[in-house]
Protein chains: 2
Amino acid sequence: MSEPVTNQAATKVYIEIVERLRDMIANDGLGSGDRIPSERELSERLGYGRSSVREALRALELLGLIETRRGEGTFIKDFHEHRLVELLGTFILQGQKVRKDALESKILIEKSCIELLFLKGREHLLSHMLESENVSFNEIMVKIVEGTDNRLLKKIWKILSEYVSSFHQDDIDQNQIHSFVQAIIQSDQEAALTAFDQLRNLSK
Amino acid sequence: MSEPVTNQAATKVYIEIVERLRDMIANDGLGSGDRIPSERELSERLGYGRSSVREALRALELLGLIETRRGEGTFIKDFHEHRLVELLGTFILQGQKVRKDALESKILIEKSCIELLFLKGREHLLSHMLESENVSFNEIMVKIVEGTDNRLLKKIWKILSEYVSSFHQDDIDQNQIHSFVQAIIQSDQEAALTAFDQLRNLSK
DNA sequence: AATATCACGTGGTCAGACCACTGTCTTAAT
DNA sequence: ATTAAGACAGTGGTCTGACCACGTGATATT
């Protein structure tokens, strides 16, 4: 009965390759723009068939983590440009409920960012920009989110923002925007949050 | 000189296939657990080689959007289980700053959930559960997040929660938790938020 | 009826073959 | 010597055909 030891590759080859690539990138300190070995070379070095190597590379490419140029090679992309958004949007965010959730989430994160902005005392950084006239509410929001100095939160907000914009159009009263802006300029957190709640119909 | 019309397939085949699959899923109203055609059948129906079909499927599998079982077939997964984050996490969430941002984001989303819970008047749903003694803060938070009836927000929180737990351990005073819980039971939003701020050191 | 067997379909993997494109190196024309 | 044209090698893109490993259901056996 000595185990037949059926291959039973617990992990599929292409997954194994993805991990090897990750290690390779980490160990060799490869970064944005650098080139990784050709498919044929990876195939030889890792000891797997070229088609398996390609499956791994295609998956990473779909994620936007690498870029391939025919005739040239495969290159690492700036990880901050990953395509999470489009992918999630296309495949996951579909139903009506999800849209509602997305809009709701977006607004709540905006509010969180406002609070965080004040908590970190960074609201003054926006003053000069807010004083000019022709700024849309969205532009203001972008500055607020960026002002929080939290790239992750910014990323999440941008994702939601892009997705929401595909089916929802903000329609906000100019006066309310003005109140909101004034509150920020005056560094009045409470007033800013109140204005935002009204703006977004979050008051009870 | 009549254009040689080099193939120049603007879009690579595997991308084309990913899109076709998306349409197929949308049009046929396929959902979690449903089976999609076999690789060989897709190859025939779409008119592309099996290897290209596989590249597309492997990419979607890495994303956690589909699941393949040898000998059985390929199935659609619950989109709420996608692995995007884990993947991106492995590749891009590494620096110290990112960790700090993640913890910060997590806490802010928690606060948002508390507000949303009250806004929707769903805080009473937790009362019975909160009255029992041996519940950890994390368990309470889970209930709150779930109570918001926003799957997207829940998903984001869970992701952040998992990631944060890999390097951070909450250490919260029991008395503060008690105050927080009492405020919720009494449906006192303001007190709950104040308690949370203290709990998380968000007060100024 | 219960059980063992086997054929078929499915995913997993590989090897080899072309094609299309890019960059370089060689060679021929100036 | 300079330059332009062509040959060549390397790389990704795609397809085909071949096995293997595994699950299922029909079939044969008991």
Side-chain angles (χ1 to χ4, degrees), chain A residues 1-21 24-25 30 33-77 83, chain B residues 1-21 24-25 30 33-77 83:
Chain A
M1 289 306 111
S2 60
E3 295 79 306
V5 178
T6 74
N7 180 15
Q8 184 52 329
T11 56
K12 313 188 183 183
V13 169
Y14 90 98
I15 294 285
E16 169 73 18
I17 295 176
V18 165
E19 287 169 359
R20 293 288 201 85
L21 283 171
M24 197 178 298
I25 291 173
L30 298 183
D34 290 338
R35 187 172 163 224
I36 61 183
S38 75
E39 297 179 351
R40 291 172 177 82
E41 186 177 342
L42 283 174
S43 172
E44 269 193 44
R45 274 167 55 174
L46 301 181
Y48 295 116
R50 191 183 156 206
S51 39
S52 292
V53 170
R54 277 187 63 82
E55 288 180 6
L57 291 177
R58 266 354 95 213
L60 294 180
E61 186 184 48
L62 187 66
L63 273 175
L65 296 178
I66 60 174
E67 176 184 9
T68 54
R69 294 200 286 271
R70 179 187 248 165
E72 298 181 59
T74 304
F75 306 83
I76 296 180
K77 284 190 71 168
R83 315 205 326 137
Chain B
M1 290 308 110
S2 59
E3 295 81 303
V5 178
T6 73
N7 180 15
Q8 185 52 327
T11 57
K12 314 187 185 186
V13 170
Y14 91 98
I15 293 287
E16 169 73 17
I17 296 176
V18 164
E19 287 169 359
R20 292 289 201 85
L21 283 171
M24 196 178 298
I25 291 173
L30 298 182
D34 290 338
R35 188 175 158 214
I36 61 182
S38 74
E39 298 178 351
R40 291 171 177 83
E41 187 177 341
L42 283 174
S43 172
E44 270 193 43
R45 276 168 53 174
L46 301 181
Y48 294 115
R50 190 182 159 208
S51 45
S52 291
V53 170
R54 276 187 63 82
E55 288 181 7
L57 290 177
R58 267 353 95 215
L60 293 181
E61 186 184 48
L62 188 66
L63 284 176
L65 297 178
I66 61 175
E67 175 184 10
T68 54
R69 295 200 285 270
R70 179 187 248 164
E72 298 182 59
T74 304
F75 306 83
I76 297 179
K77 284 190 71 171
R83 309 202 320 138

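So that the names make sense, note that chain A is the first sequence line, chain B the second, and so on, each numbered from 1.
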Undergrad: Answer yes or no: is there an ion pair linking B:E61 with A:K12, defined by an N-O contact shorter than 4.0 Å?
TA: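 Yes, charged N to carboxylate O under 4.0 Å.
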Undergrad: Check whether any side-chain heavy atom of A:L60 lies under 4.5 Å from a side-chain heavy atom of A:L21, and answer yes or no.
TA: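 In contact.
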Undergrad: Pick the nucleotide of DNA chain D nearest each of A:S51 and A:R69; which residue has the one closer to the 5' end?
TA: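 Residue closer to the 5' terminus by nearest nucleotide: A:R69.
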Undergrad: OP1 or OP2 of D:dG13 versus the side-chain N and O atoms of B:S52: is any pair under 4.0 Å?
TA: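 Checking D:dG13 against B:S52, no side-chain N or O comes under 4.0 Å of OP1 or OP2.
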Undergrad: Would you indicate which nucleotide in D:dT14, C:dT10, C:dC14 comes nearest to any side-chain atom of B:R40?
TA: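 Given the options D:dT14, C:dT10, C:dC14, the side chain of B:R40 is closest to C:dT10.
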Undergrad: Ignoring backbone atoms, establish whether B:R58 has a side-chain N or O less than 4.0 Å from OP1 or OP2 of C:dG12.
TA: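 Indeed, a polar side-chain atom of B:R58 lies that close.
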Undergrad: In whole angstroms, how far is the P atom of C:dT22 from the CD atom of A:E67?
TA: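 Whole-Å distance recorded here is 13 Å.
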Undergrad: Given C:dT22, is OP1 or OP2 found less than 4.0 Å from the side-chain N or O atoms of A:R70?
TA: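 No, A:R70 has no side-chain N/O under 4.0 Å of OP1/OP2 on C:dT22.
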Undergrad: Below 4.0 angstrom from OP1 or OP2 of D:dT11, is there any side-chain N or O of A:T74?
TA: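 Indeed not, no polar side-chain atom of A:T74 lies that close.
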Undergrad: Can you tell me the distance, in whole Å, between the CD atom of B:E55 and the P atom of C:dG12?
TA: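 Roughly 14 Å, once rounded to whole Å.
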Undergrad: Could you check whether B:G49 gets within reach of a base, just the sugar-phosphate, or nothing at all, counting any heavy atom under 4.0 Å?
TA: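 Counting heavy atoms under 4.0 Å across all strands, the contact made by B:G49 is with sugar-phosphate only.
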Undergrad: I want to confirm an ordering. Mapping A:G71 and B:G73 to their closest nucleotides on DNA chain C, which one lands closer to the 5' end?
TA: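 Closer to the 5' end of DNA chain C: B:G73.
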Undergrad: From the list D:dG12, C:dT22, C:dT10, which nucleotide is the closest neighbour of the side chain of A:E72?
TA: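 When the side chain of A:E72 is considered, C:dT22 is the closest of D:dG12, C:dT22, C:dT10.
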Undergrad: Between D:dC22 atom P and A:K12 atom NZ, what is the distance in whole Å?
TA: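 Between P of D:dC22 and NZ of A:K12: 13 Å.
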Undergrad: If only side-chain N and O atoms of B:T68 are considered, is one of them under 4.0 Å from the OP1 or OP2 phosphate oxygen of C:dG12?
TA: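 Answer is yes, contact under 4.0 Å.
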Undergrad: Measure CD/A:E16 against C1'/C:dT13 and give the value in whole Å, please.
TA: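 About 14 Å, once rounded to whole Å.
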Undergrad: Counting heavy atoms from C-beta on, name the nucleotide in D:dG13, C:dG12, C:dT10 closest to the side chain of B:R35.
TA: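 So the nucleotide nearest the side chain must be C:dT10.
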Undergrad: So A:T68 and A:L57, do their side chains get closer than 4.5 Å, heavy atoms only?
TA: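 Of all side-chain heavy-atom pairs linking A:T68 with A:L57, none is under 4.5 Å.
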Undergrad: Considering only side-chain heavy atoms of A:V13, which listed nucleotide, C:dG11, D:dT14, C:dT13, is closest?
TA: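 Of the candidates, C:dT13 comes closest.
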Undergrad: Rounded off to whole Å, could you give me the CD-to-P distance for the B:E39 and D:dG17 pair?
TA: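 Spelled out: CD on B:E39 to P on D:dG17 is 17 Å.
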Undergrad: Output the rounded distance in Å from CG (B:L62) to P (C:dG12).
TA: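 Between P of C:dG12 and CG of B:L62: 13 Å.
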Undergrad: Between D:dC20 atom P and A:Y48 atom OH, what is the distance in whole Å?
TA: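 From A:Y48 OH to D:dC20 P: 20 Å.
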Undergrad: What is the minimum heavy-atom distance between A:L42 and A:P37, and which atoms define it?
TA: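 So the two residues come closest at CD1-O, 3.7 Å.
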Undergrad: Would you say the base of C:dG12 and the side-chain of B:R50 have a donor-acceptor pair closer than 3.5 Å?
TA: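 When only heavy-atom distances are counted, B:R50 does reach the base of C:dG12 through a donor-acceptor pair under 3.5 Å.
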Undergrad: What's the separation between atom CZ in A:R58 and atom OG in B:S51, rounded to the nearest 0.5 Å?
TA: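 Rounded to the nearest 0.5 Å, the CZ-OG separation comes out at 11.5 Å.
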Undergrad: Does a side-chain N-to-carboxylate-O contact under 4.0 Å join B:R40 and B:E44?
TA: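 Between B:E44 and B:R40 there is no salt bridge, as every charged N stays at least 4.0 Å from the carboxylate O atoms.
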Undergrad: What is the distance, to the nearest angstrom, from the CZ atom on A:R54 to the P atom on D:dG12?
TA: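 For the pair A:R54 CZ and D:dG12 P, the rounded distance is 8 Å.
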